[in-house]
Colleague: 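Can you keep this structure in mind? I'll have questions shortly.
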Amino acid sequence: MRVGVLTGGGDCPGLNAVIRAVVRKGVKDHGFEFLGFRDGWRGPLEGLTMPLGIEQCRGILPRGGTILGSSRTNPFAVEGGVERIRENLAAAGVDALVAIGGEDTLGVATKLADLGVAVVGVPKTIDNDLSGTDFTFGFDTAVNIATEAIDRLHTTAESHHRVLVVEVMGRHAGWIALHAGIAGGASAVLIPEAPFDIDAVCAHVETRFRSEYAPIIVVSEGAVPADGTGMTLVSGEKDAFGHVRLGGIGDRLAHEIEQRTGTEARAVVLGHVQRGGTPTAFDRWLATRFGLQAIDAVAEGDFGVMVALRGTDIVRVPLIEGTGELKLVSPKEYAEAQVFFG
Ligand code: F6P
């Protein structure tokens, strides 16, 4: 059997670990051949391929990014896209696909599986917002990077008696902000799931200053002010999946806090630093186990599924379970963090 592998959407640490596990087990246990598709769905759409075998996977376990490249290409937004994918897979002699991606990439995989393409999904995203799995790989690395940044920012904020606002990734879900905010002892954590009240944020800032500490406010890029506070934050630019390009809430918030409290406030945007570099041991472990399970699914002809972590087990669930609905922070989980605000 010839198996195609692709990585789509925003990259994240651990992608290479999945590719390595898929190929190693696929060659050694199942006798498969592999073909790499470049740059997400653009690969099968435009016939962009690269050789993929054990040799290409040597040394990639600890490397961030993806040796296959990535893109946010959506074949369903391209006229005749699905037909072109079918033709290119047939021309390359590819019998099955392993698609490694988040909501958008696996959303495409779900639709292609419904149309009869033999595909197995592997969930990735630093945002950890895919349903059906307890965690996605990449998230733990991002949380550790954000936590280290918060730890460092505490000391400089205290030296200068200023507020530091840390903007982290998280378009729809505040998982990174929540976990890093709890781990880093933030004065407030603002997430997309719970529109914030700027007056309450300023009250937390003032409380923290009263005890000689400097406040650190952690905010997800997708966090929004509650109605009536008069803050706007989007650029209006959209990608191929219709997502608005976010960013800017950190600066807006710092400006607002400074105006309202009279204390200096600065913003630090962590941005793509959270997605780069070497994966944590947990992410390497999870990505590797996902890869092993995904290639077993291919070997068993179990298509239209996604691998997932449930407790400590790696299981398979229908692709739609992972892509149908986003996994968001619940009010109960958010309330746990709120105990430490102020
Ligand atoms: O989906 C992962 C993610 O890192 C989000 O947290 C973020 O909103 C988005 O990708 C940024 O995408 P890009 O790098 O394409 O701007």
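For ligands, and for the atoms within them, numbers begin at 1 and follow the listed sequence. Keep in mind it's a predicted model, so treat the numbers as computed, not measured.
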Colleague: Taking distance alone, no hydrogens or angles, what donor-acceptor pairs closer than 3.5 Å link side-chain atoms of residues 117-130 to residues at least two apart or in another chain?
Modeller:
from   : atom 1 : to     : atom 2 : distance (Å)
Lys124 : NZ     : Gly10  : O      : 2.4
Thr125 : OG1    : Asp127 : N      : 2.8
Asn128 : OD1    : Thr136 : N      : 3.0
Asn128 : OD1    : Thr136 : OG1    : 3.4

Colleague: Please identify which atoms of ligand 1 are closer than 4.0 Å to at least one heavy atom of His272.
Modeller: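 By the 4.0 Å cutoff, the relevant atoms are 13 (P), 14 (O), 16 (O).
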Colleague: For residues 54-66, run the donor-acceptor check on the side chains, cut-off 3.5 Å, and write out each pair with its distance to 0.1 Å, sequence neighbours left out.
Modeller:
from  : atom 1 : to    : atom 2 : distance (Å)
Gln56 : OE1    : Gly53 : N      : 2.7
Thr66 : OG1    : Thr7  : OG1    : 2.9
Thr66 : OG1    : Leu68 : N      : 3.0

Colleague: Do Trp285 and Val143 belong to the same hydrophobic cluster, where Ile, Leu, Val, Met, Phe, Trp and Tyr are linked whenever their side-chain heavy atoms lie under 4.5 Å apart, directly or via other members?
Modeller: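 Cluster IDs for Trp285 and Val143 match.
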Colleague: Is it the case that one hydrophobic cluster holds both Leu48 and Leu89, taking links as side-chain heavy atoms less than 4.5 Å apart, direct or via other members?
Modeller: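 No, separate clusters.
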Colleague: Just heavy atoms, cut-off under 4.0 Å: does Arg72 contact ligand 1 by side chain, backbone, both, or neither?
Modeller: side chain
Colleague: I need the atoms of ligand 1 closer than 4.0 Å to a non-hydrogen atom of Gly170, numbered in the order shown.
Modeller: 6 (O)
Colleague: Of all the atoms in ligand 1, which lie at a distance below 4.0 Å from a heavy atom belonging to Arg171?
Modeller: 8 (O), 9 (C)
Colleague: Would you tell me which option among Glu221, Glu103, His172, Met169 has the nearest heavy-atom contact to atom 8 (O) of ligand 1?
Modeller: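 Nearest option to atom 8 (O) of ligand 1, by heavy atoms: Glu221.
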Colleague: Honestly curious: do Phe209 and Ile150 fall in one hydrophobic cluster under the side-chain, below-4.5 Å linking rule?
Modeller: yes
